Amino acid sequence: MPELPEVEVVRRGLQAWAAGRRVTDADVLHPRAIRRHLPGPADFVARVRGRRVVAVNRRGKYLWLPLDGGDVLVGHLGMSGQLLVVAATAPPGPHLRLRFGFADDRDELRFVDQRTFGGFFVTPAADEDGEPPAAIAHIAPDPLDPAFDEAAFFRALRRRRTGLKRALLDQSFISGVGNIYADEGLWRARLHWARPTETLTRAEVSRVVAGVREVMSAALVAGGTSFDTLYVNVDGESGYFDRSLHVYGREDEPCDRCGTPIRRDPFMNRSAYTCPHCQPRPRRRR
DNA sequence: ACATCCACCTGCTCGC
DNA sequence: TGCGAGCAGGTGGATG
């Protein structure tokens, strides 16, 4: 999926294009795209139609859009979701799942999602203004959020008995981090993905948080990471941060710090990339 | 409660 | 050229 920087690129594009405007129509072209909206497609369309988008917010990798009238439109891009602003007359393409029409515009907002892991739903707003809805309250603040509490993150890690990368990918501890930025942050911090969380020092946690922050901030400036045309902004343009990756997807290539060939390990049905010299494996496996 | 795993999808690449 | 296996940026719910 798009991770935090890619989702933030989309959020900014949407905020500029959709905030303050009224949805005039919505279409559900694939029911899986709204599977988390339990009342179904007709109810989804009815709750969105005629509503004004007040703002476009993000919590981790979730987008949440308060609507006038007290509901919130929540969306997640999954592994392959795109939000695109295109002419309403443009051909639909094979993976078009949702369309949203807006007042006084010949362009429309499209949710295009090849693998259909992404989706949208409408849910009541939180009691507190500016807070994410209850449906995504389990998502922790991300490391770029001023609300992110590093000391609390450290305490939570020490309480947890798992490996460091597993914890980084757990969105209830720290959000926005996915497979790419976890590996890149760990490389910057010179820590191994299997490091037991209960043995981490405060300084090591600072290093990994700083590493993740740096790599995400740099990726944001580059418009996000794209290896192909799957990850794009609302205008369909790819970011170029893949040129700045140090370990992710670089098996057997030399480490940019020490020249040691980068190693790929199977990890949770995926991969973990490390420099075996800069990030030695801890004695205890996980 | 906590930690781990896998199903949910489509499409591309690789080796035979 | 065809075909099966493996892989891809995520998540929530089931399972132990």
Side-chain angles (χ1 to χ4, degrees), chain A residues 1-10 29-38 58-63 74-83 93-97 111-121 123 134-140 142 156-186 193-194 196-198 212 215-216 219-220 222-233 238-245 247-251 264-273 284-286:
Chain A
M1 151 329 125
E3 304 182 37
L4 184 150
E6 295 75 46
V7 181
E8 177 61 15
V9 165
V10 171
L29 292 101
H30 194 310
R32 228 182 102 72
I34 56 137
R35 65 193 177 285
R36 290 184 68 186
H37 189 85
L38 302 181
R58 182 182 57 72
R59 180 80 163 190
K61 304 170 202 172
Y62 278 92
L63 294 166
V74 178
H76 196 292
L77 302 180
M79 288 282 265
S80 55
Q82 305 174 330
L83 282 168
H95 304 124
L96 179 60
R97 311 304 185 197
F111 179 57
V112 174
D113 187 12
Q114 175 192 108
R115 294 177 70 185
T116 69
F117 289 169
F120 281 75
F121 57 95
T123 189
I136 54 171
H138 62 292
I139 305 294
D142 67 65
L157 284 174
R158 291 287 307 214
R159 259 182 268 125
R160 183 106 171 175
R161 297 187 62 84
T162 190
L164 179 52
K165 183 169 171 178
R166 284 176 185 276
L168 289 175
L169 296 180
D170 185 331
Q171 307 293 301
S172 66
F173 277 73
I174 181 172
S175 73
V177 184
N179 213 27
I180 294 181
Y181 298 108
D183 280 0
E184 295 296 317
L186 289 167
W193 54 266
T197 48
E198 69 269 26
V212 167
V215 70
M216 283 182 166
L220 204 41
T225 299
S226 287
F227 309 118
D228 47 40
T229 53
L230 217 43
Y231 302 102
V232 293
N233 66 17
S238 293
Y240 52 88
F241 191 70
D242 60 308
R243 290 170 225 165
S244 308
L245 298 176
V247 281
Y248 187 85
R250 295 193 60 224
E251 183 177 16
R264 172 189 175 277
D265 289 304
F267 173 81
M268 291 172 79
N269 289 325
R270 289 196 173 69
S271 305
Y273 296 92
R284 274 177 59 199
R285 315 194 58 179
R286 214 170 272 269

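Note that the structure is predicted; figures quoted are calculated from it, not measured. Per chain, numbering begins at 1; letters A, B, ... match sequence-line order.
- Taking atom CG on A:L169 and atom P on B:dA3, their separation rounds to 15 Å, with Å as the unit.
- Under a 3.5 Å cut-off, the side chain of A:S271 and the backbone N or O of A:R264 do not form any donor-acceptor pair.
- Out of B:dT10, B:dA3, C:dA8, the shortest distance to the side chain of A:H95 is found at B:dT10.
- On the P atoms, C:dG6 is 14 Å away from B:dC6, given to the nearest whole Å.
- Regarding A:L230, its CG atom lies at a distance of 11 Å from the C1' atom of B:dC12, rounded to whole Å.
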Let's go through A:E251 and A:Y273 carefully: what are the C-alpha distance in whole Å and the side-chain angles of both, what is the deciding distance for side chain to side chain contact (heavy atoms under 4.5 Å, CB included) to 0.1 Å, and is it a yes or a no?
CA-CA 7 Å; A:E251 183 177 16; A:Y273 296 92; 4.1 Å; yes
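- When each of A:T116 and A:R160 is assigned the nucleotide of DNA chain B with its nearest heavy atom, A:R160 is the one assigned upstream, toward the 5' end.
- Of the possible donor and acceptor atoms, none in the side chain of A:R115 sits under 3.5 Å from a partner among the backbone N and O of A:M79.
- Backbone-only contact: A:S271 has heavy atoms under 4.0 Å from sugar-phosphate atoms and none from a base.
- The separation between A:N179 atom CG and C:dA8 atom C1' is 9 Å, rounded to whole Å.
- Considering only residues two or more places apart in sequence or on other chains, A:N269 meets the side chain to side chain contact (heavy atoms under 4.5 Å, CB included) condition with none of them.
- With distances taken from any side-chain atom of A:Q171 to the nucleotides B:dT4, C:dG9, C:dT11, the minimum falls on C:dT11.
- Regarding contacts with the backbone of B:dT4, a side-chain N or O of A:T162 is found under 4.0 angstrom from either OP1 or OP2.
- To the nearest 0.5 Å, atom CZ of residue A:F121 and atom CZ of residue A:R36 are 4.0 Å apart.
- Atom NE2 of A:H76 is separated from atom C1' of B:dC9 by 15 Å (rounded to the nearest Å).
- Remark: A:R58 engages A:E8, A:D142 in a salt bridge (charged side-chain N to carboxylate O under 4.0 Å, His left out) (not counting sequence neighbours).
- Residue-level contact check: A:R264 touches the backbone only, with heavy atoms under 4.0 Å from sugar-phosphate atoms and none from bases.
- A distance of about 15 Å separates the P atoms of C:dA14 and B:dC9, rounded to the whole Å.
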Does the side chain to side chain contact (heavy atoms under 4.5 Å, CB included) test come out yes or no for A:F267 and A:D183, once each step is laid out?
CA-CA 11 Å; A:F267 173 81; A:D183 280 0; over 6 Å; no
Quick one: which protein N/O atoms are closer than 3.5 Å to N/O atoms of nucleotides 5-8 of chain B? Pair and distance per line, please.
| residue | atom | partner | partner atom | Å |
| --- | --- | --- | --- | --- |
| B:dC5 | OP2 | A:R166 | NH2 | 3.0 |
| B:dC8 | O3' | A:R32 | NH1 | 3.4 |

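- Residue A:D228 is classed as a base contact, given a heavy-atom separation below 4.0 Å to a base.
- The A:R161 side chain lies nearest to B:dA3 when the options are B:dA3, C:dA8, B:dG11.
- Distance CD (A:Q114) to C1' (C:dG9): 12 Å, rounded to an integer number of Å.
- Under the salt bridge (charged side-chain N to carboxylate O under 4.0 Å, His left out) criterion, A:R160 pairs with A:D170, sequence neighbours left out.
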What nitrogen or oxygen pairs link the protein and nucleotides 12-16 of chain C at under 3.5 Å?
| residue | atom | partner | partner atom | Å |
| --- | --- | --- | --- | --- |
| C:dG12 | OP1 | A:Y62 | OH | 2.4 |
| C:dG12 | OP1 | A:H138 | NE2 | 3.4 |

Stepwise, does the side chain to side chain contact (heavy atoms under 4.5 Å, CB included) test hold for A:F111 with A:L77?
CA-CA 9 Å; A:F111 179 57; A:L77 302 180; 4.0 Å; yes
Give the C-alpha distance, both sets of side-chain angles, the deciding distance and a yes or no for side chain to side chain contact (heavy atoms under 4.5 Å, CB included) between A:V10 and A:Q82.
CA-CA 8 Å; A:V10 171; A:Q82 305 174 330; over 6 Å; no
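- Partner A:T225 forms a side chain to side chain donor-acceptor pair (under 3.5 Å) with one of A:Y181, A:Y231, A:Y248 and no other, that one being A:Y181.
- Between the CD atom of A:Q82 and the P atom of B:dG11 there is a distance of 13 Å, rounded to whole Å.
- The phosphate of C:dA8 (OP1 or OP2) has no side-chain N or O of A:S80 nearer than 4.0 angstrom.
- Contact between A:E184 and A:V215 at its shortest, heavy atoms only, is CB-CG2, 3.6 Å.
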DNA chain C base-pair string [pairs: Watson-Crick or G-U under 3.5 Å; |: paired with another strand]
.|||||||.|||||||
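- When the P atom of C:dG9 is taken as reference, atom NZ of A:K165 falls 8 Å away, rounded to whole Å.
- Although no hydrogens or angles enter the test, the distance criterion places no donor-acceptor pair under 3.5 Å between the side chain of A:E3 and the main chain of A:K61.
- Rounded to an integer number of Å, the gap from CZ of A:R159 to P of B:dC2 is 9 Å.
- Contact annotation for A:Y181: no contact, since no heavy-atom pair falls under 4.0 Å across all strands.
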